Asks: 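My questions will all concern the structure given below.
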Amino acid sequence: MNRTVFCPADILLPHGVDMQKWSVVACDQYTSEPEYWNRVEQTVGNTPSTYHMILSEVFLGAPDVQARIGRINQSMRQYLDEGIFDCLPDSYLYLERTLMPGKVRRGLVGRIDLMAYEYGKGLASPVRPTEGTVESRLPPRIRVRENAPLETPHIMILIDDPEKTVIEPLAQERKTLRQVYHFTLMEHGGNISGWQVNGAAAQKVDAALAKLAERLSMASEAPLLFAVGDGNHSLATAKACYEQLRTTLPQAEWERHPARWALVELVNIHDDAMQFEPIHRVLFDVDPAHVLKELASFYHISKTGGRQSFEVVTGGKREQLFVENPSSQLAVGTLQKFIDEYLNRFGGEVDYIHGEEVTVQLANRERAVGFLLPAMQKSELFPTVIADGALPRKTFSMGHACEKRYYLECRAIR
């Protein structure tokens, strides 16, 4: 692998701003908790913040969504005009994110080539999604990005590096690197530190990535080099926008146009702090008794044992159910097939929830029913995606909601 798939970027970081207010969590978190985003808005106020550069999904159904998108693009242009950014040219950023209660997750920010990424089924590109892409979720994201002069990522890309050869050595070299930020993230996000990686240090990263790619290529005819762990729909949006833009560009400009790339954070799936958490489901505006009756007719359900299991939560009660004839290799796929068909036939809404406690709270509302799913083992991810393709959507989460990536670094895409 050469530097055309994942490589250094011209990374923009703000100066002279309150970094705790600048950095906010990924837009697809706390989608059933508008109070969270109301707190963020009150905390940030009118100060420079990535909050003003992203569209939280909790507002996707708001009547003023188009006006919000206009304000997002205006904020980006304002920040550029005011000169609040310093540029770290041709650099990676090595990150250490200290999560609660003290575990440290390491990452590497760089840019990834969208031409090496495909999100359709049955594809074998070097960069692949780990879960299915719902194309109906792309249009509002596209409306934000298509006129945006900047991007700021919550995309996390996984590598399968059990020997810890790519990212982890930078922990030993950080004393020789320039630290560019260190602060506490808002809303229990922990602490984050970043160091610029350029020159010889970046060349070592490139060499380690090339060796890793070589090893993976020897093990598979279509190796999975980079698996999209978080932010697949954002990466798919970037791909769709670039493909549309490419139709307007001379072919000579395709390779060098900045929109061909997307800023991402690379994380080793074998990082000790990397934990897979299940993403639970809650159905709203439904009759719980009817849902469970249909579930029992859709699958052979028992309460004593079966090939797969999950818990159902409603009316203040929890009960474990077993499926004896699952339709998928994973319980989440089996349940999702039922949910999709139920909602299509009878109506209602589904939300995907990070965290057991929040799921239980939401499921105990009137006309709601929740499903608590078991966690997927992270060692299963790469082999499953290589063998079976993308997993059912919202199969797993890399940590709790407050541990998700926060928007922080930026890059010009126009």
Side-chain angles (χ1 to χ4, degrees), residues 14 20-44 47-76 79 97 107 109 119 129 131 133-157 185-189 192 228-241 262-265 277 279 350-355 358 393-394 396-411 413:
Q20 189 174 55
K21 294 182 179 181
W22 170 262
S23 190
V24 304
V25 80
C27 66
D28 56 353
Q29 302 304 301
Y30 303 101
T31 52
S32 290
E33 299 176 74
E35 62 273 13
Y36 175 93
W37 289 102
N38 290 335
R39 287 199 310 271
V40 171
E41 185 172 19
Q42 292 172 5
T43 297
V44 167
T47 60
S49 174
T50 53
Y51 176 76
H52 301 306
M53 298 169 58
I54 58 106
L55 178 62
S56 170
E57 290 192 3
V58 75
F59 300 123
L60 284 180
D64 65 341
V65 65
Q66 197 57 43
R68 287 177 179 272
I69 291 172
R71 291 195 293 271
I72 288 168
N73 291 159
Q74 182 180 358
S75 294
M76 292 181 182
Y79 296 160
R97 173 84 176 273
V109 173
Y119 55 83
E131 64 176 32
T133 304
V134 183
E135 295 199 35
S136 61
R137 295 182 61 194
L138 301 186
R141 296 169 182 261
I142 289 173
R143 292 200 299 272
V144 172
R145 189 177 177 98
E146 63 187 354
N147 295 312
L150 294 172
E151 66 173 356
T152 181
H154 76 263
I155 301 162
M156 293 179 68
I157 304 286
L185 295 161
M186 70 167 70
E187 292 287 335
H188 310 292
I192 189 164
V228 186
D230 267 350
N232 181 61
H233 287 88
S234 291
L235 196 61
T237 296
K239 173 81 171 182
C241 286
L263 202 62
V264 303
E265 180 181 348
E277 303 285 346
I279 301 180
V350 61
D351 201 359
Y352 302 92
I353 309 299
H354 302 267
V358 175
R393 68 183 181 276
K394 300 293 186 181
F396 66 94
S397 170
M398 297 190 300
H400 298 293
C402 64
E403 298 176 342
K404 309 300 279 190
R405 193 174 208 286
Y406 276 54
Y407 300 104
L408 206 169
E409 306 85 3
C410 297
R411 189 179 71 92
I413 56 174

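Note that this is a predicted model, so its numbers are computed, not measured.
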Asks: Rounded to the nearest 0.5 Å, how far does OH of Tyr406 lie from CD of Gln20?
Replies: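 If I round to the nearest 0.5 Å, the distance is 9.0 Å.
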
Asks: Nearest 0.5 Å please: distance from the CD atom of Glu135 over to the OG1 atom of Thr237.
Replies: 10.0 Å

Asks: How far does CD1 of Ile142 sit from NZ of Lys239, to the nearest 0.5 angstrom?
Replies: 13.0 Å

Asks: Going by heavy atoms in the side chains, are Arg68 and Phe59 under 4.5 Å from each other?
Replies: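 Yes, their side chains come closer than 4.5 Å.
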
Asks: Under the 3.5 angstrom rule, does the side chain of Glu277 hit a backbone N or O of Ser397 as a donor-acceptor pair?
Replies: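 Answer holds: no.
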
Asks: Would you confirm whether Glu403, through its side chain, and His400, through its main-chain N or O, come within 3.5 Å as a donor-acceptor pair?
Replies: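 Such a contact is found between Glu403 side chain and His400 backbone.
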
Asks: Give the C-alpha distance, both sets of side-chain angles, the deciding distance and a yes or no for salt bridge (charged side-chain N to carboxylate O under 4.0 Å, His left out) between Glu151 and Arg145.
Replies: CA-CA 8 Å; Glu151 66 173 356; Arg145 189 177 177 98; 3.0 Å; yes

Asks: Compare all side-chain heavy atoms of Thr152 with those of Glu409 and state whether any distance is below 4.5 angstrom.
Replies: no

Asks: Could you grab the distance from atom CZ of Phe396 to atom CD of Glu131, nearest 0.5 Å is fine?
Replies: 7.0 Å

Asks: Between Arg71 and Asp64, is any pair of side-chain heavy atoms under 4.5 Å apart?
Replies: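 Answer yes - side chains close enough.
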
Asks: Donor-acceptor pair, distance only, cut-off 3.5 Å: does the side chain of Thr31 make one with the backbone of Val58?
Replies: no

Asks: Determine the minimum heavy-atom distance between Arg141 and Cys27, stating which atoms define it.
Replies: NH1-SG, 4.2 Å

Asks: Hey, is the main chain of Ser49 close enough, under 3.5 Å, to the side chain of Tyr79 for a donor-acceptor pair?
Replies: yes

Asks: Is it the case that the side chain of Trp22 and the backbone of Leu408 share a donor-acceptor pair, with hydrogens and angles ignored and the cut-off at 3.5 Å?
Replies: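 Such a contact is found between Trp22 side chain and Leu408 backbone.
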
Asks: Between Asp230 and Arg405, is there a side-chain N and carboxylate O pair less than 4.0 Å apart?
Replies: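 No.
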
Asks: Donor-acceptor check, side chain of Trp37 to backbone of Gln29, threshold 3.5 angstrom: yes or no?
Replies: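 Side chain of Trp37 to backbone of Gln29, a donor-acceptor pair under 3.5 Å: yes, one is there.
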
Asks: Which atoms form the tightest heavy-atom contact between Ile413 and Leu150, and what is the distance?
Replies: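 Shortest heavy-atom contact: CD1-O, 3.8 Å.
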
Asks: Please name the pair of heavy atoms, one in His154 and one in Ser234, separated by the smallest distance, quoted to 0.1 Å.
Replies: CE1-OG, 3.0 Å

Asks: Could you please spell out the steps behind the side-chain contact (heavy atoms from CB on, under 4.5 Å) verdict for Ile279 and His354?
Replies: CA-CA 5 Å; Ile279 301 180; His354 302 267; 3.7 Å; yes

Asks: I want to check something: taking the side chain as every heavy atom from C-beta on, are Glu265 and Pro153 in contact at a cut-off of under 4.5 Å?
Replies: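 Glu265 does not reach Pro153 side chain to side chain.
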
Asks: Donor-acceptor pair, Tyr119 side chain versus Leu235 backbone, under 3.5 Å?
Replies: no

Asks: So, for Gly189 and Arg97, which heavy atoms are closest and what is the spacing to 0.1 Å?
Replies: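 It is O-NE, 2.9 Å.
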
Asks: Got Arg143 and Gln66 here, is their nearest side-chain heavy-atom distance under 4.5 Å?
Replies: yes

Asks: Roughly how far apart are Ser75 OG and Met53 CE, rounded to 0.5 Å?
Replies: 8.5 Å

Asks: If you take all heavy atoms of Thr47 and Val44, which pair is closest and at what distance?
Replies: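 Here Thr47 and Val44 meet closest at OG1-O, 2.6 Å.
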
Asks: Taking the side chain as every heavy atom from C-beta outward, state whether Tyr36 and Val25 have any atom pair closer than 4.5 Å.
Replies: yes

Asks: Any side-chain heavy-atom pair from Asp28 and Lys404 closer than 4.5 angstrom?
Replies: no

Asks: What distance do Leu185 atom CG and Ile192 atom CD1 have between them, rounded to the nearest 0.5 Å?
Replies: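 Those atoms lie 5.5 Å apart.
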
Asks: Does the side chain of Glu187 reach to within under 4.5 Å of the side chain of Cys402, using non-hydrogen atoms?
Replies: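 Answer no - side chains too far apart.
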
